[in-house]
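For reference, the structure is listed below as C-alpha cells.
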Amino acid sequence: MAEPTIDAGAGPVALRSSPLAHLEERMRAAAVTGARGVTLTEWPFLAMVNLRVDPTSEAAARIGKTLGAPLPRQCGHTATSGPYTVAWLGPDEWLVLSQAESTTVTAELRAALGGDPGSVVDVSANRTTLELSGPAARQVLEKGCPLDLHPRSFAPGRAVSTTVGPVAVLLWQVDDAPTYRLFPRSSFADYLARWLIDAMSEYRDPEVP
C-alpha cells in the first residue's frame, strides 16, 4: 500500500476535521419539514474564548469597548455586537463567541486586559456548536432538558449552562423560530447529536389528536 501523502501547502486549519463531520449526512437526513419541522446542523470551528475578569474593573470596561458592548452582569444574559456574542457563565466569567479567527479574538481581548488581573484563554477546541431549529425544536429539547423553555421563561438572547439528555451544554436561544445553539464538549458531541437525531424522529409523523 502506498504511503499517504499530505499537501505541504495545506496547513493545520485546512486539515482539521470537526467533531461531527462523520454525522453530517445523518443529521441532514434527520431533518423534518412542515408544521412540526426541526433541523440539526453543526457549526464547526466557531471561535470561543473564556474570559475571567473583575466586572467592576477598568479592564472589564476596556474589554467591553473592544467587544462593542458591556459584559453581561446577570445569569442567563448575553450581549451581541458585530461579530461577537458574550454569554454570562459566572459572576466574573464569560464565554466570547465569534466567527472571526480565534487567534485574532484572543489577541484583541488580551490586549484589552493588559496587565490587570484576569485571564483570556482560547477554548475553541474544547467545544463544538450544534444548531437545532424549527417549530418542534423546543419540544425536542424538552425531552431531556430540565429547564423551563417556555417563552415566558426562556427567550431569544438567553444562554445558560444546563444538560440535554446526560450531556452538559451551554444552551443559547438565538431567535423566535425557535433556533437554539448548544455547546457541548467535543468528546460528548457524538452522543448528543445521536440523542437529538433520535428525539427528532417522532416529528416525521402527524401529531396524534
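Because the structure is a prediction, the values reported are computed rather than measured.
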With rounding to the nearest 0.5 Å, note down the distance linking CG in Leu40 to CZ in Arg194.
-> 12.0 Å

Asp54/Asp92 under side chain to side chain contact (heavy atoms under 4.5 Å, CB included): CA gap, chis, key distance, verdict | CA-CA 6 Å; Asp54 179 348; Asp92 66 349; 6.0 Å; no

Just by distance, do the side chain of Thr128 and the backbone of Pro19 share a donor-acceptor pair under 3.5 Å?
-> no

Given the rule that I, L, V, M, F, W and Y join up when any side-chain heavy atoms are under 4.5 Å apart, are Leu170 and Tyr180 in one cluster?
-> no

Validation row: Thr162, Pro146 side chains within 4.5 angstrom (heavy atoms) | yes

Decide yes or no on side chain to side chain donor-acceptor pair (under 3.5 Å) for Gln99 and Tyr84, but give the supporting numbers first.
-> CA-CA 8 Å; Gln99 293 187 54; Tyr84 303 113; over 6 Å; no

Test Trp43 against every option in Leu130, Leu20, Thr129 by the side-chain contact (heavy atoms from CB on, under 4.5 Å) rule and name the one that passes.
-> Thr129

Between CG of Leu97 and CZ of Arg127, what distance do you get to the nearest 0.5 Å?
-> 9.0 Å

Under a single-linkage definition using a 4.5 Å side-chain heavy-atom cutoff for Ile, Leu, Val, Met, Phe, Trp and Tyr, are Trp195 and Val169 assigned to the same hydrophobic cluster?
-> yes

Any donor-acceptor N/O pair, Ser153 side chain to Leu149 backbone, under 3.5 Å | no

Path from Ile197 to Val140 over hydrophobic side-chain contacts below 4.5 Å | yes

Under 3.5 Å, is there a donor-acceptor pair linking the side chains of Gln173 and Thr179?
-> no

Quick one: pull up CZ in Arg181 and CG in Asp175 and give me the separation to the nearest 0.5 Å.
-> 8.0 Å

Under 3.5 Å donor-acceptor, Ser18 side chain and Ala21 backbone | yes

In terms of hydrophobic clusters joined by side-chain contacts under 4.5 Å, are Trp172 and Leu182 together?
-> no

Find the distance between CG (Leu109) and CZ (Arg62) and round it off to the nearest 0.5 Å.
-> 12.0 Å

Separation between SG of Cys75 and CH2 of Trp88, rounded to the nearest 0.5 Å = 4.5 Å

Counting only heavy atoms not in Lys143, do more than 12 fall under 6.0 Å of its NZ?
-> yes

Considering all heavy atoms, the nearest Phe154-Leu147 contact = CE1-CD1, 4.2 Å

Are the side chain of Ser81 and the backbone N or O of Gly68 linked by a donor-acceptor pair below 3.5 Å?
-> yes

Stepwise, does the side chain to side chain contact (heavy atoms under 4.5 Å, CB included) test hold for Asp116 with Val53?
-> CA-CA 9 Å; Asp116 290 1; Val53 69; over 6 Å; no

Quick check: does any side chain N or O of Arg36 sit under 3.5 Å from a backbone N or O of Glu202, one acting as donor and the other as acceptor?
-> yes

Check the hydrophobic clustering (I, L, V, M, F, W, Y; side-chain heavy atoms under 4.5 Å; chains of links allowed) and say if Val120 and Val123 are grouped together.
-> no

Walk me through it: do Leu51 and Ile63 pass the test side chain to side chain contact (heavy atoms under 4.5 Å, CB included)?
-> CA-CA 10 Å; Leu51 171 66; Ile63 289 169; 3.7 Å; yes

Given the rule in the side chain to side chain contact (heavy atoms under 4.5 Å, CB included) test, do Leu132 and Val38 qualify, once you have shown the distances and angles that lead to the verdict?
-> CA-CA 7 Å; Leu132 188 73; Val38 60; 3.7 Å; yes

For the residue pair Thr41 and Arg28, establish whether any side-chain heavy-atom pair is separated by less than 4.5 Å.
-> no

Backbone of Thr103 reached by a side-chain donor or acceptor of Thr106 within 3.5 Å | no

Separation of Thr85 OG1 from Trp94 CH2 (nearest 0.5 Å) | 16.0 Å

Return yes if some donor-acceptor pair links the side-chain N/O of Asp122 with the main-chain N/O of Ser124 below 3.5 Å, else return no.
-> yes

